[in-house]
Number of protein chains: 2
Amino acid sequence: MNADALRGHMDALLLSVLEREPLHGYAIIEALRERSGGALDVPTGTVYPALRRLERAGLLAGEWASDGGRKRRTYRLTDAGRKALAGERSAWRSFTTAIGSVLDPLR
Amino acid sequence: MNADALRGHMDALLLSVLEREPLHGYAIIEALRERSGGALDVPTGTVYPALRRLERAGLLAGEWASDGGRKRRTYRLTDAGRKALAGERSAWRSFTTAIGSVLDPLR
DNA sequence: AGTCTATATGTAGGCTGTCTATATGTAGAC
DNA sequence: GTCTACATATAGACAGCCTACATATAGACT
């Protein structure tokens with residue numbers, strides 16, 4: 001997976017994986033890997049800053065929790081985040097349609 | 001169309017639009033707009049440097065031509081470019097499958 | 001006791017490709 | 001003589017993803 005290709009789609013991925021249940025960063029990385037069948041292996045240096053960014057933007061709400069001695073920051077979708085996710089899904093469809101119409105010789 | 005979303009897919013678009021026939025930069029921009037039904041309106045400041053980059057990489061071959069007083073630089077796919085296009089198409093499919101598997105709730 | 005792996009978060013700095021803004025010039029319509 | 005379409009190009013800004021590094025706990029294994 002080319003790194004640049006992910007640009008601008010990271011937000012959609014993070015919001016989407018948090019749609020069903022709140023998760024902490026490490027679990028999000030695993031969820032992305034599992035859901036994509038191993039294709040998406042996003043480095044921590046990408047995910048943690050992105051989560052903070054989405055939190056600052058009000059799309060996620062983060063909260064510290066403890067599991068034994070380990071500290072986790074669990075994120076959940078806010079209402080604004082849920083709306084943003086709908087927008088991201090719609091944008092994704094437009095995007096794939098547009099690129100596909102150029103790339104796909106059948107259309 | 002979000003600018004960042006295009007990142008890493010510009011090469012595929014340019015190679016693809018040049019697959020059938022050689023075109024010059026301005027015509028490429030129009031072709032992208034037409035093929036995508038207006039969704040793709042790529043600025044000149046993106047296309048011209050990208051074409052030069054692809055030429056440097058050996059995927060395109062450019063040649064100056066004149067139509068009356070107007071000078072055009074027409075680009076055609078090289079053999080390497082044709083191979084690269086096949087790779088880009090394959091990468092595009094993997095990419096949409098991966099993102100789709102996370103974004104699309106039906107899967 | 002020491003090492004290793006998995007779990008868990010985070011930052012600094014680099015890279016690179018897309019964008020905005022600007023510059024230059026021809027052709028043709030009005 | 002002005003406006004729009006055609007045509008190419010560059011400088012600099014910007015954003016976000018990456019690599020590399022730093023830190024720490026838990027548990028297994030030797």
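Of the candidate nucleotides C/dA8, D/dC18, D/dA9, D/dA9 has the atom nearest to the side chain of B/Y48. Here the side chain of A/R7 is nearest to one of D/dA15, C/dA21, D/dC6, namely D/dA15. Candidate nucleotides C/dA8, C/dT18, D/dC6 were compared by shortest atom distance to the side chain of A/H24, and C/dA8 ranks first. With C/dA8, D/dC18, C/dC19 as the choices, the nucleotide that has an atom nearest any side-chain atom of B/T46 turns out to be C/dC19. Side-chain proximity of B/R70 to C/dT26, C/dA6, D/dC18: nearest is C/dT26. Out of C/dC19, D/dC17, D/dT19, the shortest distance to the side chain of B/L6 is found at C/dC19.
Within 4.0 Å of B/G69, counting heavy atoms only, lie sugar-phosphate atoms of the nucleic acid but no base atom. At the heavy-atom level, B/G45 lies under 4.0 Å from base atoms of the strands shown.
The existence of a salt bridge linking A/R93 and A/E88 is excluded, since no basic side-chain nitrogen approaches an acidic carboxylate oxygen closer than 4.0 Å. B/D104 and A/R89 are not joined by a salt bridge, as no carboxylate oxygen comes within less than 4.0 angstrom of a charged side-chain nitrogen. Electrostatic pairing of B/R76 and B/E19 does not count as a salt bridge here, judged by no charged N lying under 4.0 Å from a carboxylate O.
In this model, a side-chain donor or acceptor of B/T44 finds a partner on the base of D/dA9 within 3.5 Å.
Considering only heavy atoms from C-beta on, A/F95 comes within 4.5 Å of B/H9 through its side chain. A heavy-atom distance below 4.5 Å is not found between the side chains of B/H24 and B/Y75.
What separates CG of A/L32 from P of D/dC17 is a distance of 12 Å, to the nearest Å. For the pair A/L51 CG and C/dA8 P, the interatomic distance rounds to 14 Å; values are reported in whole Å. What separates CG of B/L23 from C1' of D/dA7 is a distance of 14 Å, to the nearest Å. Residue B/R33 contributes atom CZ, which lies 12 Å from atom C1' of D/dC6 at whole-angstrom precision. Nucleotide C/dG10 holds its P atom 7 Å from the CZ atom of A/R73, rounded to whole Å. Taking atom CD1 of B/I29 as the reference point, atom P of D/dA7 lies 11 Å away to the nearest angstrom. Going from atom NZ of A/K71 over to atom P of C/dA6 covers 25 Å, rounded to whole Å. What separates CG of A/L40 from C1' of D/dC17 is a distance of 13 Å, to the nearest Å.
Judged by closest nucleotide on DNA chain C, A/R72 is the one of A/P49 and A/R72 placed further toward the 5' end. Remark on DNA chain C: of its neighbouring residues A/D4 and A/W64, the 5'-side contact belongs to A/W64, judged by nearest-heavy-atom nucleotide. Both B/A27 and A/H9 lie near DNA chain D, and the one whose nearest nucleotide falls closer to the 5' end is B/A27. Mapping A/G8 and A/G68 onto DNA chain D via the closest heavy atom, the residue that lands nearer the 5' end is A/G8.
Under a 3.5 Å cut-off, the side chain of A/E63 and the backbone N or O of A/T74 do not form any donor-acceptor pair.
Note on B/R53: a side-chain N or O is less than 4.0 Å away from OP1 or OP2 of C/dT18.
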